[in-house]
There are 2 protein chains.
Amino acid sequence: MVGLPVVELPTAELPTAEPESAPCCPPLVSAELSEADAVRMAAMFKALGDPVRLRLFSKVASHEGGEACVCDIQDVGVSQPTVSHHLKKLREAGLLSSERRGTWVYYRVAPSVLAAMAALLDLNR
Amino acid sequence: MVGLPVVELPTAELPTAEPESAPCCPPLVSAELSEADAVRMAAMFKALGDPVRLRLFSKVASHEGGEACVCDIQDVGVSQPTVSHHLKKLREAGLLSSERRGTWVYYRVAPSVLAAMAALLDLNR
DNA sequence: CGCCTGATTCGACACATGTCGATGTGCTGG
DNA sequence: CCAGCACATCGACATGTGTCGAATCAGGCG
């Protein structure tokens, strides 16, 4: 659980795919961030910086089996298109991944995300 | 340590003298967030969701002695008023506190912030 | 006092973001 | 093949956000 290598964030799985294979999360407090690192990490924080998105992320993360279909989590007080919009943002930020199975689309937390956040805070030092 | 009334984040006020001693963040992945918690936590993430602010935060956090004056950290590629603006945002989000000593204003990371982020990720479970 | 330096505030502006209803797409079942 | 459900995309709109220069405030120093 400890000593994980810094993990890479997809940053986008849409048409706009970039190489962008660099590690995402140097410790936040032990050394000053480079501009490039700051941009990448800020994108992650920004994606979680909306109450609706944070709730959606939490619903997926805490859902049984580690995944949830949209219908399971879409009750967050905004319209269905808006939910879809926010899920897309989370996907583009590399925090969630999606997969269609039959009628439903299932979302799960991207595997390396939590480890990345831990590394970010330098908690496994 | 868990299950207590999560604390209100400042959300405003420049005087910046609030106690702010309790943890702010229920675990993010073990259970679904309430709307109120989501709003509070999202405000925190949002404050870190800008590259300039993230760099400023990192500069303060990693600075020797745990504090830095504005002149030490203002080289982030934007004008000095913009730096001041972002520092204000970080202050309002409860992430930094400031103190004037003579000519200079010193910023430091609010004491409970890092612990709060750790709790948020449920890493001390 | 007057001035210089450090820092915040103000006013303005371009741009990004969150939201909605309407519409489109993909799959299933009759 | 068509009706219907689950999601996604589109277009539009109000609001929020990051940025700047100019003005202002706060201290130190001649």
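Any value given below was found using the heavy atoms of this structure, including those in side chains, with hydrogens, waters and symmetry copies removed. So that the names make sense, note that chain A is the first sequence line, chain B the second, and so on, each numbered from 1.
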Mark yes or no for a side-chain to base donor-acceptor pair under 3.5 Å between A:Q80 and D:dA8, with no hydrogen or angle criteria applied.
yes
Hydrophobic cluster identity match, A:V39 and B:V52, side-chain contacts under 4.5 Å:
no
Rounded to whole Å, the CH2-C1' distance (A:W104 to D:dC5) equals 9 Å
Consider only side-chain heavy atoms of I, L, V, M, F, W and Y, link residues closer than 4.5 Å, and tell whether A:V105 and A:V76 are in one cluster.
yes
Integer-rounded Å distance: C:dC20 P and A:Q74 CD:
13 Å
Should B:Y107 be listed as having a side-chain N or O under 4.0 Å from OP1 or OP2 of C:dT8?
yes
Given atom CG of A:L54 and atom C1' of C:dG18, what is their separation to the nearest angstrom?
16 Å
What's the closest nucleotide to the side chain of A:R53 if the choices are C:dG6, C:dG18, C:dT9?
C:dG18
How many Å lie between NE2 on A:H85 and C1' on D:dA8, as a whole number?
12 Å
Pick base, sugar-phosphate or nothing for B:T103, based on heavy-atom distances below 4.0 Å to the nucleic acid.
sugar-phosphate
To the nearest Å, give me how far apart CG (A:L87) and P (D:dA6) are.
16 Å
I need the CZ-P distance between A:R91 and D:dT9, as an integer number of Å.
6 Å
If you compare every side-chain N and O of A:K89 against the phosphate oxygens of C:dG18 (OP1, OP2), does one of them come in below 4.0 Å?
yes
Look at all strands and tell whether A:R101 reaches a base, only sugar-phosphate, or nothing, counting heavy atoms closer than 4.0 Å.
nothing
Could you check how far CD of B:E99 sits from C1' of D:dA26, rounded to whole Å?
15 Å
Is a salt bridge present between A:E35 and A:R40, judged by a nitrogen-to-oxygen distance below 4.0 Å?
no
From the set C:dC20, C:dG26, D:dA26, return the single nucleotide nearest to any side-chain atom of A:R100.
C:dG26
Does a side-chain N or O from B:H86 land closer than 4.0 Å to OP1 or OP2 of D:dT19, or not?
yes
Nucleotide nearest A:P81 (side chain, heavy atoms from C-beta), chosen from D:dG21, C:dA22, C:dG26
C:dA22
Shared hydrophobic cluster, B:Y106 / B:V70 (ILVMFWY, side-chain heavy atoms < 4.5 Å)
no
Between A:T82 and C:dG18, is there a side-chain N or O to OP1/OP2 distance below 4.0 Å?
no
OP1 or OP2 of D:dT17 versus the side-chain N and O atoms of A:K46: is any pair under 4.0 Å?
no
Using whole Å, report how far CG of A:L48 lies from P of C:dG18.
12 Å
Residue pair A:S79/A:G102 against DNA chain C: nearer the 5' end by closest nucleotide is A:S79
Quick one: do A:W104 and A:L96 end up in the same hydrophobic cluster if we chain Ile, Leu, Val, Met, Phe, Trp and Tyr together by side-chain heavy atoms under 4.5 Å apart?
no
